[in-house]
Number of protein chains: 2
Amino acid sequence: MASESSPPAGPSNPATPRRRPTIREVARRAGVSHQTVSRHLKGDTTVNEQLAATIQDAIEALDYRPNLVARAMRNHRTGRLAVLLPPGSAISSLEILSGAKEIADAGEYVLEVVTVSGSAEMRDRRALELRDSRLFEGVLALTSLSDLPQPDDARVPLVTMPLYDEAMRGIGALASAGPEHEIISRLAGMGHRRFLHLAGNYAHAGAVRRRDMYLQTIEELDLESAGVVDCGWDGDAARRAVVDLPADSGITAIIAANDILATAAVSGAIRRGWNVPEELSITGWDDTRVAAVTTPSMTTVAVHHAELGRRLMRHLLDVVASRRRGADDASDPAPSPLEDDWRLAEVIWRESTGPAPQTPPAR
Amino acid sequence: MASESSPPAGPSNPATPRRRPTIREVARRAGVSHQTVSRHLKGDTTVNEQLAATIQDAIEALDYRPNLVARAMRNHRTGRLAVLLPPGSAISSLEILSGAKEIADAGEYVLEVVTVSGSAEMRDRRALELRDSRLFEGVLALTSLSDLPQPDDARVPLVTMPLYDEAMRGIGALASAGPEHEIISRLAGMGHRRFLHLAGNYAHAGAVRRRDMYLQTIEELDLESAGVVDCGWDGDAARRAVVDLPADSGITAIIAANDILATAAVSGAIRRGWNVPEELSITGWDDTRVAAVTTPSMTTVAVHHAELGRRLMRHLLDVVASRRRGADDASDPAPSPLEDDWRLAEVIWRESTGPAPQTPPAR
DNA sequence: CTGAAAGCGCTAACAC
DNA sequence: GTGTTAGCGCTTTCAG
């Protein structure tokens, strides 16, 4: 069969875009069977060296590049993983993705970030569609999926780790407020007794958890709270809260829900003529890049997003690999991606905190 | 043909993962041909309503979900677009992607962000592999590609807009320094004569362009420069530069290459006992989120990354659509994605800038 | 309006 | 070592 009846499809129509060369055309040009070309492409070394060179020449002459869709159809490998996120963008997600990508790269996988929106039901459906689209070898959902029929023998694993709610606000591990306890107890150790909390927007689980942790720790350590101000991430509100503080409030430490509120609080303190930290300690959250260079530099909480992404991706790759090996259900306990006593967040102590003043500022 | 010889492939091996139902199984269950199922799935309304309902039932009973790989093989549509970026993460890229995603969503496309690394040659090759992988209907490269054989009849368009160099540092439009001119000339209008520039890391094209624009504008407007300090994005260096300024420098305005340097410069000024902006004006770049809440709030430059992403994606979708229509080469001028007089960046005037002092600070 | 046949480009399995 | 055959799951084309 020499000419294979010229390009089988289409060139009768002039508007048709040029067909890309296929493996068969390469084979014909190299004088071998298409199968041998396939082997060569796969890196199969059983192919005669001479032939391999001839084939390589043909590939280059024809500017051949493999059709990954066709390949995937046969061998079920696309080299791609999907990461599901709700719509919106959060810097933390960028960092998580960059950590995840690092691991995926090492495993020769490409990451596709897919946004899923709509109701919980719709998102579930989208997730399953993706899982069964065969476009991916694994799916990592960073948003909560209400109900996931995961027949453990599904070819493509779907790993769920709810880190974001439907509006891309951190939840679960991302909203954990543990470090707040560390901050307050250490400040207490430095003599602070009376605190104020500048809370964020309660639509964010993190803001709620930090406020609750604040109140809980105050009570646990037998300290005093002068109150919780609902700032809703609004810097102006935080600044005003400080500016409007009664002269005799007795507050010596302010726990802000993030660096913006903390920076604004410093601004208010400056306005009052209070020195930070000599007369007032202030803490933030997020370890924003500027937090290190403000005056004073800000004590805050760094969340290790990239490492979180790495861990999640390692877990997904494990599951993918075990599925590929055809692991029996029970044989593979699939350890939790976040096991052991790893700390997701860490307090960064800087200049904005210090020992409590002998007498609280009162002017 | 009733039983179709039971699942054709594999169930002899117990470890084999369960096969997903196919269109044929749905068809058999609904008592129609697989073709009719295909039509129904496509939303073809010529299918009898009764039948459509029966088919839908079968789909649900079997928990059928289409194999997008098989579908793509036939109709060359995957509903996916690739965005190429160099390795690394930049917040600006997050914003660009989020704008691009917005438009892609509206066009029912999913975006895949693919990292391309290695030498220029290797990146070129990767880009072409992706273009011809048939996994995508279009490719948007935000990194520079040295040499792209773009046969205008290629089925899948590859649009290139070099915004990042191989290490994810902004170049091209992203490094444009235009607003620096606006800042300096307006400050000049407020009486400032003697300036200082805190430059960033010159590995970044943006840092170089801002420095050049600074020098050029100083000369053009017949102002004085007290010098350029190479801070390399290091806040400490910027702070020191201000702290170490001679008492009689005569400087009344500092142009910092980004908000971190600017914030650190403010910190240095505070250390010197200089009031900002009464005695010294300071400007940044990036419009970081905290820039609005520092004391004083920071005059800076906001770059409209998301809008840039939207425009680029609109352009790509245009090209994809015209290719799909089988446009003849010349018929479609494919206008530049960034045409007209749209402004990518904008100066945000805040409290850190003001009229020049009567006499420069000297203490 | 519905069914049958053909084939997208590739690789797994088996011959030779 | 290399060639032949079959078929992945779907849609397109063409009959009816």
Side-chain angles (χ1 to χ4, degrees), chain A residues 1 4-5 7-10 12-13 16-17 19-28 30-55 59 62 64-79 129 132-135 155, chain B residues 1 4-5 7-10 12-13 16-17 19-28 30-52 54-55 59 62 64-79 132-135 155:
Chain A
M1 205 184 285
E4 209 157 75
S5 77
S12 46
N13 179 356
T16 302
R19 281 182 60 256
R20 298 268 338 153
T22 74
I23 208 181
R24 302 191 118 89
E25 286 159 62
V26 173
R28 188 143 45 84
V32 298
S33 81
H34 67 269
Q35 183 47 244
T36 304
V37 177
S38 173
R39 284 200 196 90
H40 170 71
L41 249 24
K42 216 174 56 184
D44 194 326
T45 48
T46 66
V47 181
N48 180 320
E49 276 197 27
Q50 295 274 355
L51 272 188
T54 317
I55 294 173
I59 286 175
L62 261 46
Y64 167 84
R65 272 178 292 271
N67 179 327
L68 264 32
V69 172
R71 183 178 285 178
M73 187 157 178
R74 215 40 204 143
N75 67 5
H76 297 252
R77 298 200 82 276
T78 60
E129 279 173 10
D132 296 329
S133 73
R134 293 286 183 262
L135 243 15
R155 224 174 194 140
Chain B
M1 206 187 285
E4 207 155 76
S5 76
S12 45
N13 178 355
T16 301
R19 282 184 59 256
R20 298 264 342 149
T22 74
I23 209 182
R24 302 190 116 91
E25 286 158 61
V26 173
R28 188 142 45 85
V32 298
S33 81
H34 67 268
Q35 182 45 243
T36 305
V37 176
S38 173
R39 284 203 196 87
H40 170 71
L41 249 24
K42 215 173 56 184
D44 193 329
T45 49
T46 66
V47 181
N48 179 320
E49 276 196 30
Q50 295 274 353
L51 272 189
T54 317
I55 294 173
I59 286 175
L62 260 42
Y64 167 84
R65 273 178 292 272
N67 179 327
L68 264 34
V69 171
R71 182 178 286 177
M73 187 155 177
R74 218 35 206 140
N75 67 5
H76 297 251
R77 299 200 80 273
T78 60
D132 295 330
S133 73
R134 296 289 135 133
L135 243 16
R155 224 175 195 141

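Computed from a prediction, not measured in an experiment: that's the story for all the values here. Order of the sequence lines sets the chain letters (A, B, ...), proteins ahead of strands, with each chain counted from 1.
- Here the straight-line distance linking atom CG of B/L41 with atom CD1 of B/I59 works out to 5.0 Å at 0.5 Å rounding.
- Within 4.0 Å (heavy atoms only), A/H76 reaches no atom of the nucleic acid at all.
- For A/Q35, whose side chain is taken as the heavy atoms from C-beta onward, the closest listed nucleotide among D/dG3, C/dG3, C/dG9 is D/dG3.
- In this structure, the nucleotide among D/dT2, C/dG3, C/dG9 sitting nearest to the side chain of A/T22 is C/dG9.
- When each of D/dT12, C/dT11, D/dT11 is scored by its nearest atom to the side-chain atoms of B/S38, the top-ranked nucleotide is D/dT11.
- Look at B/K42 and you'll find a side-chain N or O under 4.0 angstrom from OP1 or OP2 of D/dT12.
- Out of D/dT11, C/dT2, C/dC10, the shortest distance to the side chain of A/R71 is found at C/dC10.
- Backbone-only engagement by A/V47 is indicated by non-hydrogen atom pairs under 4.0 Å involving sugar-phosphate atoms exclusively.
- When heavy atoms are screened at a 4.0 angstrom cut-off, A/V32 is found touching the sugar-phosphate backbone but no base atom.
- The CZ atom of B/R77 sits 15 Å away from the C1' atom of D/dT12 (whole-angstrom rounding).
- Taking atom CG on B/L68 and atom C1' on C/dC8, their separation rounds to 16 Å, with Å as the unit.
- Taking only distance into account, the side chain of A/R39 meets the base of D/dG3 through a donor-acceptor pair shorter than 3.5 Å.
- For the pair B/D44 CG and D/dC10 C1', the interatomic distance rounds to 15 Å; values are reported in whole Å.
- Atom-to-atom, CG of B/L135 to P of C/dC8 comes out at 19 Å; the value is rounded to the nearest Å.
- Between B/I23 and B/H34, the closest heavy-atom pair is CD1-O, 3.7 Å.
- Side-chain to base pairing of B/H34 with C/dT2: no donor and acceptor N or O lie closer than 3.5 Å to each other.
- OP1 or OP2 of C/dG3 lies within a sub-4.0 Å distance of a side-chain N or O belonging to B/T36.
- To the nearest 0.5 Å, the span separating NE2 on B/H76 from CZ on B/R71 amounts to 14.5 Å.
- If you take CZ of A/R74 and C1' of C/dG7, they are 14 Å apart, rounded to a whole angstrom.
- Here the P atom of nucleotide D/dT4 and the CZ atom of A/R24 are 10 Å apart, to the nearest Å.
- Atom CG of A/D132 sits about 11.0 Å away from atom CZ of A/R155, to the nearest 0.5 Å.
- In this structure, the separation between CG on B/L135 and OG1 on B/T78 is 6.5 Å, given to the nearest 0.5 Å.
- Rounded to a whole Å, the CE atom of B/M73 is 10 Å from the C1' atom of D/dG7.
- How far CG of B/L62 is from CD of B/E25: 6.5 Å, rounded to the nearest 0.5 Å.
- Comparing D/dG3, D/dC10, C/dA4 by their nearest atom to the side chain of B/S33 picks out C/dA4.
- Rounded to whole angstrom, the span from the CD1 atom of B/I23 across to the P atom of D/dT11 amounts to 5 Å.
- Residues A/N75 and A/V69 both approach DNA chain C. Their nearest nucleotides, taken by heavy-atom distance, put A/V69 toward the 5′ side.
- No engagement by B/L41 is indicated, since no non-hydrogen atom pair under 4.0 Å with the nucleic acid exists.
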